[in-house]
**Student:** 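The structure is given below, and queries will be raised subsequently.
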2 protein chains.
Amino acid sequence: MKLEHYARLSAEEKDALDALTQVRTRRVRSRDDIIREGDAPSVINVVLEGWACRYKTLEDGRRQIIAYLLPGDVCDFSAPVLREMDHSVGAITTVTLAEIAVESVGHLFATYPRLTQALCWDALTSVSIQREWTVNVGQRTAFERLGHLLCELFVRQRLLGLTRGGVCDLPLTQAEIADTIGLSVVHVNRTLQDLRSAGLISLGGRELTIHRLEALQRAVLFNPSYLHLGHEGRHLDAPPPNP
Amino acid sequence: MKLEHYARLSAEEKDALDALTQVRTRRVRSRDDIIREGDAPSVINVVLEGWACRYKTLEDGRRQIIAYLLPGDVCDFSAPVLREMDHSVGAITTVTLAEIAVESVGHLFATYPRLTQALCWDALTSVSIQREWTVNVGQRTAFERLGHLLCELFVRQRLLGLTRGGVCDLPLTQAEIADTIGLSVVHVNRTLQDLRSAGLISLGGRELTIHRLEALQRAVLFNPSYLHLGHEGRHLDAPPPNP
DNA sequence: AGCGATCATTAACATGGGTTAAGTCGCAGG
DNA sequence: CCTGCGACTTAACCCATGTTAATGATCGCT
């Protein structure tokens, strides 16, 4: 479903993908690891349901969350090529994974070149997001960083049809948010208050509401071009109503 | 030459690559842009000589350098797939580029699958570096960030055979370093003094000397596994002599 | 050789965000 | 119903890093 944003796929191509993802699935409980640094996974894991994150830990315990994986995202792109994982992937919520054999992927792409293109697009977009995160942590203020993260997670979910008006899931603890944008938990909390009292968002009970997306985007210098939404990515859910 | 670290290539494969890079070259002067955000380059640019950087600018002028490109690095991987660049690439030194037509690449990879593998490895490594940069800026102190950057640039150059003992080029201004690791110029300067007076490095006249690489690595929590040096990448230049 | 521009350095002062610590709330398990 | 634990909140205090500004050093250019 997600790849459809990147290239029109034929019914046949979609069937081939579906067949792949149904072969073998795995369930990982919330907060457990999906893959650990140093593993050399022999299958490719794709998130079918739930949220996961990539993260790296320094020797002294500091942790940085490097990416969030939503349904349709691939956990271990590098598996077939690089020797071993240089970071871990953990489950945020309970996650359902498809485990895909490396060989079957090779065959699939040889048969359907348009799939290759779609997957390339996907991979390049995730690199682009990674770059934007570097900018986020390197240049923005706490307020901007946090707002930017919320914008991104909202828009990505909207692409997947997972938003309800201006509302979406946000199953992260403040500690996880802190490790994502390089702030302390305390300051994340302070900054959330700021965003709330600016009337831009509501957040609580694992649910985020963005009251005025346009205004928030402007306030935190969020420019979605790095998500490469392109043409196809716009018609999924109406933008949030102006309250 | 660089791809050789990732896969043993046959003479024939190397010749094919050489032929490509000699077709058309371009020279860009120090501090000029190679590609601008919004461009949709019709050729793929590969750095043959000199240093370049990827960077993004916020509306208010803040700038983040996102990556450094050394000889052998590709400027615009995404060109064939994504519509347009979401960031710019600028020349640090004077840079020589090979301009490669997109079509000829497709043909090349169809003919020599091992090249594809090598290029994948290269691309995945650059993503891995990007992730580590997020960690660097998000979690490390000024001292660690700067030391980590210097370690990386040294090791990457050593891979290319561009170091001379513990010495390598470092054609960056302190302002550029600042924009790379998310610090102010003033603080970069202070922190450089710290590194110097700790006896770890000397820096001046566009030349970096790392006096005790091991010690520096330990002091700044530099773990080179994210560079995926693997087997082949080690024998190029002796590690620096212990003074 | 002299000039202007860019780059490095330093000092004094200001502040955003970290740290510590304490308290609250909600909820799963006994 | 009580207990305990994890997540959230708030306040007080402090330090790493930013800002501003002034001075030197370097370097390409004429």
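Throughout, a chain's letter reflects where its sequence line sits, starting with A, and its residues are numbered from 1.
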**Student:** Calculate the interatomic distance between A/Q139 atom CD and C/dG16 atom P; express it in whole Å.
**Tutor:** 17 Å
**Student:** Rounding to 10°, can you tell me the angle the first-five-pair axis of the helix from C/dA1-D/dT30 to C/dG30-D/dC1 makes with its last-five-pair axis?
**Tutor:**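 One end axis against the other gives 50°.
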**Student:** Can you check the A/F143 CZ to C/dT15 C1' distance for me, whole Å?
**Tutor:** 18 Å
**Student:** List the residues meeting salt bridge (Lys or Arg N to Asp or Glu O under 4.0 Å) with A/D33, not counting sequence neighbours, and say none if there are none.
**Tutor:** A/R36
**Student:** How close or far is atom C1' of C/dG16 from atom CD1 of A/I181, stated in whole angstroms?
**Tutor:** 14 Å
**Student:** Rounded to the nearest Å, what distance is computed from the CD1 atom of residue B/I177 to the P atom of nucleotide D/dT17?
**Tutor:**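 Distance check: B/I177 CD1 to D/dT17 P gives 16 Å.
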**Student:** Hey, does A/G205 reach any base, or is it just sugar-phosphate, or nothing, if we go heavy atoms under 4.0 Å?
**Tutor:** nothing
**Student:** Starting from C1' on D/dT17, measure out to CD on B/E144 and report it in whole angstrom.
**Tutor:**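 The distance from CD of B/E144 to C1' of D/dT17 comes to 15 Å, rounded to the nearest Å.
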**Student:** Just checking A/G204: base, sugar-phosphate only, or nothing, at a heavy-atom cut-off of under 4.0 Å?
**Tutor:**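 Answer is nothing: A/G204 stays at 4.0 Å or more from every strand.
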**Student:** Is there side-chain contact between B/S128 and B/L227, with heavy atoms separated by less than 4.5 Å?
**Tutor:** no
**Student:** In whole Å, I'd like the distance from the CZ atom of A/R140 to the C1' atom of C/dG16.
**Tutor:** 18 Å
**Student:** With the sugar-phosphate defined as primed atoms, P, OP1 and OP2, and the base as all remaining atoms, what B/S/- string results for nucleotides 7-16 of chain D, 5' to 3', for protein heavy atoms under 4.0 Å?
**Tutor:** SSBBBB----
**Student:** Applying salt bridge (Lys or Arg N to Asp or Glu O under 4.0 Å), can you list everything that pairs with B/D39, at least two apart in sequence or on another chain?
**Tutor:** none
**Student:** Would a 4.5 Å heavy-atom cut-off, applied to side chains only, mark B/C75 and B/V47 as touching?
**Tutor:** yes
**Student:** Got a sec, which pairs hit salt bridge (Lys or Arg N to Asp or Glu O under 4.0 Å) with one end in residues 194-207 of chain A, sequence neighbours left out?
**Tutor:** A/R164-A/E207
**Student:** To the nearest Å, how far apart are B/D194 CG and C/dT10 P?
**Tutor:** 11 Å
**Student:** Between A/R156 and A/D73 (salt bridge meaning N to carboxylate O under 4.0 Å), is one present in this structure?
**Tutor:** yes
**Student:** Could you give the side-chain donor-acceptor pairs of residues 175-182 of chain A under 3.5 Å, partners two or more places apart or in another chain?
**Tutor:**
unit_1: A/E176; atom_1: OE1; unit_2: A/R31; atom_2: NH2; d: 2.8
unit_1: A/E176; atom_1: OE1; unit_2: A/T173; atom_2: N; d: 2.9
unit_1: A/E176; atom_1: OE1; unit_2: A/T173; atom_2: OG1; d: 3.4
unit_1: A/E176; atom_1: OE2; unit_2: A/R31; atom_2: NE; d: 3.3
unit_1: A/E176; atom_1: OE2; unit_2: A/R31; atom_2: NH2; d: 2.9
unit_1: A/D179; atom_1: OD2; unit_2: A/R63; atom_2: NE; d: 2.9
unit_1: A/D179; atom_1: OD2; unit_2: A/R63; atom_2: NH2; d: 3.1
unit_1: A/T180; atom_1: OG1; unit_2: A/Y68; atom_2: OH; d: 2.6
unit_1: A/T180; atom_1: OG1; unit_2: A/E176; atom_2: O; d: 2.7

**Student:** So do A/L153 and A/L208 actually touch side chain to side chain, heavy atoms under 4.5 Å?
**Tutor:** no
**Student:** Under the 3.5 angstrom rule, does the side chain of A/R140 hit a backbone N or O of A/H148 as a donor-acceptor pair?
**Tutor:**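 Not confirmed, A/R140 side chain does not pair with A/H148 backbone.
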**Student:** Rounded to whole Å, please give me the gap between CG in B/L208 and P in C/dA8.
**Tutor:**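 Computing the B/L208:CG to C/dA8:P distance gives 14 Å.
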